[in-house]
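Please read the structure below before turning to the comments.
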Amino acid sequence: MIDHVRERGGARAQVAVTLEQFFDGNDCEWCIAPNRPDDLTLETVRTVLFELRDHPEVDDVRVELDVLEFAEFPDDEWPYASGVAVITTLQPEEVDALTAAADTEPSGGPAAGAEWLVDAPAVPDGHHYVGVWWD
C-alpha cells in the first residue's frame, strides 16, 4: 500500500485509499483516530467503518491519508489517517450517529466532493461528501 500511495503523490498530497487497502495487514494501533480512548481498538474503528460502508445510503467510504511522514516506514508503522471520506445521501448528523462507536468528532459537510484528495471517490448523482475525522 505504501508504494501505491507514493506513486499517487502521497509524499506531498493526501491520497484516498479503500478500506481494504488501509486495514488489510494493518496492526498499527495509532494509525487512525488520534486521541481516541485506550479501550477503543483499531479493530473497533475498522468494524465501524466497514459497517458504515455497508449502509444502504452510503456509496463509498475511503480513508483520507495524511501526507506520508517517513521516507521509509519501519515494519511496525503504517501511514497515518485523521479522517475518512463518506459518499452518501445521509446528512452529517446521521453519519455521526453511525460512527459514534468509533469516537468521531462532528462530521463536516455535506460538500459536492473532495477535490483535494488524490483518488477521491466519485460522487454519484444525489450523493455528497461527508468528512469524518478524529481530534
Side-chain angles (χ1 to χ4, degrees):
M1 185 201 59
I2 294 169
D3 289 340
H4 166 77
V5 173
R6 277 194 206 296
E7 290 168 6
R8 303 299 300 144
R12 59 189 176 286
Q14 281 189 280
V15 175
V17 296
T18 66
L19 295 179
E20 289 81 7
Q21 286 174 308
F22 187 75
F23 286 106
D24 287 357
N26 181 355
D27 62 359
C28 181
E29 282 292 330
W30 63 265
C31 66
I32 192 168
N35 302 318
R36 67 182 193 256
D38 290 338
D39 61 344
L40 179 59
T41 65
L42 178 65
E43 183 58 30
T44 299
V45 173
R46 179 192 184 286
T47 299
V48 166
L49 295 178
F50 274 88
E51 287 176 356
L52 177 63
R53 189 178 67 185
D54 289 343
H55 190 281
E57 295 180 73
V58 173
D59 184 70
D60 201 0
V61 176
R62 299 277 178 100
V63 177
E64 298 178 0
L65 295 178
D66 290 4
V67 173
L68 295 178
E69 59 207 308
F70 300 119
E72 294 292 325
F73 277 81
D75 290 339
D76 62 341
E77 301 279 343
W78 202 256
Y80 181 76
S82 56
V84 297
V86 181
I87 306 304
T88 184
T89 58
L90 298 169
Q91 291 302 306
E93 302 80 27
E94 296 170 298
V95 173
D96 292 344
L98 293 170
T99 60
D103 198 39
T104 57
E105 294 293 313
S107 296
E115 301 78 26
W116 67 92
L117 282 174
V118 175
D119 296 336
V123 181
D125 288 341
H127 289 69
H128 49 254
Y129 162 90
V130 172
V132 174
W133 54 80
W134 293 264
D135 182 22

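Heavy atoms only: backbone and side chains are in, while hydrogens, waters and symmetry mates are out.
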For the pair [X] (side chain) and [Y] (backbone), establish whether a donor and an acceptor sit closer than 3.5 Å, ignoring hydrogens and angles.
| X | Y | result |
| --- | --- | --- |
| Thr18 | Gln21 | yes |
| Asp96 | Pro106 | no |
| Gln14 | Leu117 | no |
| Trp78 | Phe23 | no |

Can you give me the closest heavy-atom contact between [X] and [Y], atom names plus distance?
| X | Y | result |
| --- | --- | --- |
| Leu40 | Ala101 | CD1-O, 3.3 Å |
| Leu42 | Cys31 | CD1-SG, 3.9 Å |
| Asn35 | Asp135 | ND2-O, 2.8 Å |
| Leu65 | Ala81 | CD2-CB, 4.1 Å |
| Ser107 | Val132 | OG-CG2, 3.5 Å |

**Asked** Looking at residues at least two apart in the chain, or sitting in another chain, which of them share a side chain to side chain contact (heavy atoms under 4.5 Å, CB included) with Ala33?
**Response**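 Here the qualifying residues are Arg36, Val45, Trp134.
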**Request:** Sequence neighbours left out, what pairs pass ring-ring contact (aromatic ring centres under 6.0 Å, His included) with at least one residue falling in residues 88-133?
**Result:**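 Found Trp116-Tyr129.
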Are side-chain heavy atoms of [X] and [Y] found at a separation under 4.5 Å?
| X | Y | value |
| --- | --- | --- |
| Phe22 | Ile32 | yes |
| Ile2 | Pro79 | yes |
| His4 | Asp119 | yes |
| Pro110 | Gln91 | yes |

Set of residues satisfying side-chain hydrogen bond (donor to acceptor under 3.5 Å, both in side chains) with respect to [X], sequence neighbours excluded:
| X | result |
| --- | --- |
| Asp60 | Arg62 |
| Glu77 | none |
| Glu57 | Thr89 |

**Request:** Just jot down the salt bridge (charged side-chain N to carboxylate O under 4.0 Å, His left out) partners of Arg46, sequence neighbours excluded, or say none.
**Result:**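 Arg46: no salt bridge (charged side-chain N to carboxylate O under 4.0 Å, His left out) contacts found.
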Identify whether [X] and [Y] are in the same connected component of the hydrophobic contact network (ILVMFWY, side-chain heavy atoms under 4.5 Å).
| X | Y | value |
| --- | --- | --- |
| Val17 | Val86 | yes |
| Val61 | Val63 | yes |
| Val48 | Leu98 | no |
| Ile87 | Val118 | no |
| Phe70 | Val67 | no |

Value rounded to 0.5 Å, distance of [atom1] in [X] from [atom2] in [Y]:
| X | Y | atom1 | atom2 | answer |
| --- | --- | --- | --- | --- |
| Glu105 | Thr99 | CD | OG1 | 10.0 Å |
| Leu90 | Leu52 | CG | CG | 8.0 Å |
| Glu20 | Asn26 | CD | CG | 13.0 Å |
| Met1 | Arg6 | CE | CZ | 10.5 Å |

**Message:** Classify the ring geometry of Trp30 against Tyr80: parallel below 30°, tilted from 30° to 60°, perpendicular beyond 60°.
**Reply:**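 Correct class here is parallel.
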**Request:** Go through the steps for Thr47 and Thr44 under the test side chain to side chain donor-acceptor pair (under 3.5 Å), then give the verdict.
**Result:** CA-CA 5 Å; Thr47 299; Thr44 299; over 6 Å; no
